[in-house]
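Have a look at the structure below before the remarks.
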Amino acid sequence: MILVLVETDGSGVIEVSRETLTFARSLAEADGAGDLDAVTVGDLTDTARDQLAAYGVRTVYRVAGEAFTAFAGAAWAAGVQEARRRAGSTLVVAAGTPRGGEVLAHVAAREGVSMAANVLSFSEVTPLVVTRQVVGGAALEEMRLERQPAVLTVAGHAVEPRPAPAAGAADVVDCTPEVSEADLVARVVSTDAPEPDLSGGLRSARVVVGAGRGAGGADGFGDLLELTELLGGALGVSRVVTSLGWRPHHEQVGQTGSRIAPDLYIPCGISGAIQHWAGCSSAKNILAINTDADAPMVTKATYAVIGDLHEVVPAINAEIRRRTAG
Amino acid sequence: MSTNVLVCVKRVPDSTSEVVLTDDGQSVDGRYAGFTMSAHEECAVELAAQVTADGGEATVLTLGDADAVEQLRTSLAVGCTAATHLLADPQRFGPADVAREIAGVVRDHEAAGRPHDLILLGNDAADSGDFQVGIRLAYELGRPVVNGVTHVSVADGIVTARGAGPEGHETYRVPLPAVVTVLEGGVEPRYPSVQGRMKAKKVQIEQRTPATDPVGPNRVRLLLPPPAPSDVQILGKGADAAPAVVDVLERLGVLSR
Ligand SMILES: Cc1cc2nc3c(=O)[nH]c(=O)nc-3n(C[C@H](O)[C@H](O)[C@H](O)COP(=O)(O)OP(=O)(O)OC[C@H]3O[C@@H](n4cnc5c(N)ncnc54)[C@H](O)[C@@H]3O)c2cc1C
Ligand SMILES: Nc1ncnc2c1ncn2[C@@H]1O[C@H](COP(=O)(O)O)[C@@H](O)[C@H]1O
């Protein structure tokens with residue numbers, strides 16, 4: 001019996017939670033234990049409930065009440081524990097989001113069991129053996145989990161979200177667990193309107209021109225910006241570039257920057273470290289420009305030009321201008 | 001009233017270049033790439049220095065092998081004032097083990113008249129990435145915990161912590177003693193000055209051994225993800241490749257006319 005902590009937003013169940021439901025369903029099938037239940041905190045819209053049904057959820061434990069009006073990791077964990085007791089789950093799963101990871105770490109600590117973070121797949125069910133991302137995705141770990149209960153988070157984009165072949169009942173059960181004062185001490189006291197999202201253009205651009213250490217300095221971006229403009233795209237940079245203060249942080253692509261998914265990414269002077277790759281691996285085509293033919297970005301790219309970006313990029317710009325003139 | 005801070009850092013192999021595993025597949029081999037601590041922990045160290053800038057002790061703690069003294073000295077050079085070294089093979093310690101050992105040190109220090117009002121950790125360690133030591137530590141000590149914040153300040157016995165949430169910037173206000181885990185991005189870690197390094201060398205590091213036997217990390221083994229087969233098409237070398245590049249741009253339909 002598997003319980004999934006599901007996160008929702010204005011549009012319903014968030015994508016990584018739908019991925020996690022898909023992962024949990026395949027685990028439930030392999031386990032032969034069958035039932036998939038969900039726990040949500042706060043309001044549950046009809047859209048979200050319908051999605052949970054489509055993903056094969058049997059029962060939705062809707063945790064609500066005074067204690068859940070503002071986020072508190074410990075209180076949410078108390079809600080998940082209450083749902084688990086009612087559902088009799090032996091596995092508790094959430095998406096590896098900041099909230100998901102935090103709440104399940106609370107659950108694991110309170111239950112006195114292990115937790116596996118950022119799981120990609122499972123290889124055995126009894127005992128449960130999972131493979132998870134470590135070292136920022138540069139390595140994998142096979143890890144054993146006890147089942148009393150087993151607690152794990154699923155890495156983003158480890159599986160494609162797929163509705164169940166047969167819908168579940170998604171019966172809603174209201175849960176208003178007792179929450180102790182101690183569990184409410186660390187809670188959000190205010191939420192500011194989000195800062196204007198300056199990286200929105202980067203994340204939705206069809207073409208992204210990337211720039212790394214190879215740009216050479218804060219004044220090395222002229223040709224790259226011109227190429228960006230000629231292609232009507234956005235500029236994305238590596239962390240070296242933001243750390244050195246050459247460009248602002250909202251332009252950073254990678255594990256600690258934006259994740260992009262353009263039709264074409266043109267990384268120039270970027271080596272392709274795993275943490276950068278984490279942000280650009282969804283690009284449909286990659287055209288790398290690099291002096292080093294063995295750079296990981298070059299070997300992983302669709303196309304590459306070997307050479308100095310300060311020579312290659314101006315030549316591309318000139319060629320584009322020549323062909324688009326008149 | 002000054003605040004005493006404990007900040008926990010982990011010596012980890014530098015993973016910005018190629019990652020190599022040890023022969024037994026139990027850990028990342030840092031012999032070639034060198035060692036460091038995570039960016040989150042560097043920011044936690046900086047926050048510890050800021051919170052204690054006007055007084056109070058900033059103690060840095062690590063559970064690690066003899067070489068981990070390097071990370072303690074680095075932290076001492078950028079604002080920490082005391083250091084504790086739990087000398088042990090970190091590969092044998094799972095996140096629950098580490099939390100229990102740190103809690104033991106905190107209780108001992110407290111009994112010796114050195115309370116740690118605020119404990120800072122990274123949100124996740126750069127190697128094992130368990131995302132949980134801080135939260136487990138909070139339960140060991142019976143303290144509240146705020147997770148994954150970028151800004152931390154202390155006034156009148158209350159820690160104010162801010163970080164990004166799903167709906168905007170979130171603020172927590174929690175009475176001390178408390179545990180806070182830090183994400184990079186809110187503060188700029190400072191570079192050690194020559195003076196800082198000199199001072200760091202003189203600090204006597206408290207050495208301890210673990211108080212309990214570790215349960216271990218439940219690790220079967222580490223693996224490297226299979227390398228993606230390269231099917232890159234080299235369009236040419238240098239400026240001469242420009243026409244071939246623009247052909248590709250046309251073919252992909254990203255060139256507006
Ligand atoms: C926890 C953590 C999180 C991280 N998050 C991110 C992140 O979000 N985003 C990110 O980008 N990085 C991140 N990093 C850093 C990452 O590991 C790399 O250090 C960084 O991506 C390297 O940037 P780079 O490719 O610009 O520089 P380098 O690795 O130094 O590569 C420069 C490349 O440019 C090439 N080159 C040099 N001169 C020229 C020239 N004139 N013309 C053409 N090519 C040239 C070189 O051959 C080389 O391939 C993170 C690291 C850690 C530990
Ligand atoms: N061996 C260790 N010594 C000191 N601090 C540690 C150790 N392991 C983990 N931590 C701290 O706990 C945080 C979270 O680690 P983890 O839960 O393992 O991802 C790290 O960022 C460190 O601040």
Side-chain angles (χ1 to χ4, degrees), chain A residues 9 71 73 98-99 101-102 105-106 108-110 114-115 117-118 129 133-136 138-145 185-194 206-207 231-232 256 263-264 273-274 285 287 298-308 311-312 315-316 318-320 323-324, chain B residues 15-17 19 21 28 39 94 96 124 126-132 135-136 139 144-148 165-175 178 184-185 217-225 228 230 232-239 241-243 245-246 248-249 252 254-257:
Chain A
D9 65 12
F71 177 74
R99 286 273 200 269
E102 175 175 352
H106 275 275
R110 295 159 81 99
S114 316
M115 174 180 100
N118 288 320
V129 178
Q133 286 180 327
V134 293
V135 200
L140 307 173
E141 180 187 58
E142 274 180 13
M143 179 177 169
R144 247 173 298 108
L145 275 174
V185 174
R187 68 171 190 281
V188 172
V189 292
S190 67
T191 305
D192 303 340
R206 269 193 75 208
V207 182
L231 297 175
T256 48
D263 288 342
L264 176 63
I274 188 85
N285 296 278
L287 194 166
V298 172
T299 58
K300 288 178 176 172
T302 337
Y303 310 97
V305 175
I306 310 307
D308 184 340
E311 292 166 16
V312 180
I316 296 172
E319 180 68 15
I320 294 175
R323 291 199 202 181
T324 52
Chain B
S15 60
T16 50
S17 54
V19 169
L21 302 182
V28 177
D124 53 286
D127 58 349
S128 53
D130 285 307
F131 291 75
Q132 54 191 269
I135 289 171
R136 288 188 186 275
Y139 281 93
V145 54
V146 177
N147 207 55
E167 274 137 34
H169 260 87
E170 297 174 336
T171 303
Y172 295 81
R173 255 188 290 281
V174 179
E184 71 162 329
N218 291 349
R219 179 174 304 139
V220 180
R221 59 177 173 156
L222 295 183
L223 309 160
L224 291 178
S230 174
V232 60
Q233 184 184 337
I234 304 289
L235 299 174
K237 287 195 159 61
V245 169
V246 183
V248 167
L249 299 179
L252 295 177
V254 294
L255 208 59
S256 45
R257 283 182 179 267

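Throughout, a chain's letter reflects where its sequence line sits, starting with A, and its residues are numbered from 1.
- For the pairing with A:Val135, the side-chain contact (heavy atoms from CB on, under 4.5 Å) check across B:Val19, B:Leu21, B:Leu224 returns one residue only, B:Val19.
- For chain B, the nearby part of A:Val207 is the side chain; its heavy atoms alone come within less than 4.5 Å.
- Counting heavy-atom pairs closer than 4.5 Å to chain B, the top-ranked of the candidates A:Asn285, A:Asp263, A:Ile274 is A:Asn285.
- Of the atoms belonging to B:Val28, it is side-chain heavy atoms, and not backbone ones, that fall under 4.5 Å from chain A.
- Between chain B and the residues A:Gly307, A:Ala318, A:Ala105, the largest count of heavy-atom pairs under 4.5 Å involves A:Ala105.
- Closest approach of A:Ala186 to B:Pro144, counting heavy atoms only: CB-CB, 4.1 Å.
- Heavy atoms of A:Ser190 lying under 4.5 Å from chain B belong to its backbone as well as its side chain.
- Proximity to chain A (any heavy atom under 4.5 Å) is shown, for B:Ala96, by neither the backbone nor the side chain.
- Between A:Ala138 and B:Pro225, the shortest heavy-atom contact is O-CD, 3.2 Å.
- Using a 4.5 Å heavy-atom threshold, the side chains of B:Arg219 and A:Met143 count as separate.
- Taking the side chain as every heavy atom from C-beta outward, A:Lys300 and B:Val232 never approach each other to under 4.5 Å.
- When all heavy atoms of B:Ala241 and A:Val305 are compared, the closest pair comes out as CB-CG1, 3.6 Å.
- Both the backbone and the side chain of A:Ala108 have a heavy atom closer than 4.5 Å to some heavy atom of chain B.
- The candidate with the highest count of non-hydrogen atom pairs below 4.5 Å against chain B, out of A:Thr191, A:Leu140, A:Val189, is A:Leu140.
- Residues B:Leu249 and A:Ile320 meet the side-chain proximity criterion, which asks for heavy atoms closer than 4.5 Å.
- When heavy atoms are compared at a cutoff of 4.5 Å, A:Leu264 approaches chain B solely by way of its side chain, counted from C-beta outward.
- For chain B, the nearby part of A:Asn118 is the side chain; its heavy atoms alone come within less than 4.5 Å.
- Between chain A and the residues B:Glu167, B:Lys237, B:Glu184, B:Glu170, the largest count of heavy-atom pairs under 4.5 Å involves B:Glu170.
- Looking at A:Leu287, the atoms closer than 4.5 Å to chain B (heavy atoms on both sides) all sit in the side chain, from C-beta outward.
- With a threshold of 4.5 angstrom between heavy atoms, B:Ala39 approaches chain A through side-chain atoms but not through N, CA, C or O.
- In this structure, chain A has heavy atoms under 4.5 Å from both the backbone and the side chain of B:Val145.
- In this structure a side-chain-to-backbone donor-acceptor pair under 3.5 Å is present from B:Gln132 to A:Met115.
- Note on B:Val146, B:Val174, B:Ile234: by heavy-atom pairs under 4.5 Å with chain A, the leading option is B:Ile234.
- In this structure, the side chain of A:Arg323 engages the main chain of B:Pro243 through a donor-acceptor pair within 3.5 Å.
- Between A:Arg99 and B:Pro166, the closest side-chain pair of non-hydrogen atoms falls below 4.5 Å.
- For the 3.5 Å distance criterion, the side chains of B:Tyr172 and A:Arg187 fail to qualify, holding no donor opposite an acceptor.
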Please lay out, stage by stage, how B:Ile135 and A:Glu102 fare under the test side-chain contact (heavy atoms from CB on, under 4.5 Å). CA-CA 8 Å; B:Ile135 289 171; A:Glu102 175 175 352; 4.0 Å; yes
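- Side-chain contact between B:Val254 and A:Arg206 is present, with heavy atoms from C-beta onward closer than 4.5 Å.
- Taking A:Gly136, A:Gly101, A:Pro98, A:Ala109 one by one and counting their heavy-atom pairs under 4.5 Å with chain B, the maximum is reached by A:Ala109.
- The residue from B:Leu223, B:Asp127, B:Asp124, B:Leu222 that alone fulfils the side-chain contact (heavy atoms from CB on, under 4.5 Å) condition with A:Val134 is B:Leu222.
- At least one side-chain heavy atom of B:Pro175 sits less than 4.5 Å from a side-chain heavy atom of A:Val185.
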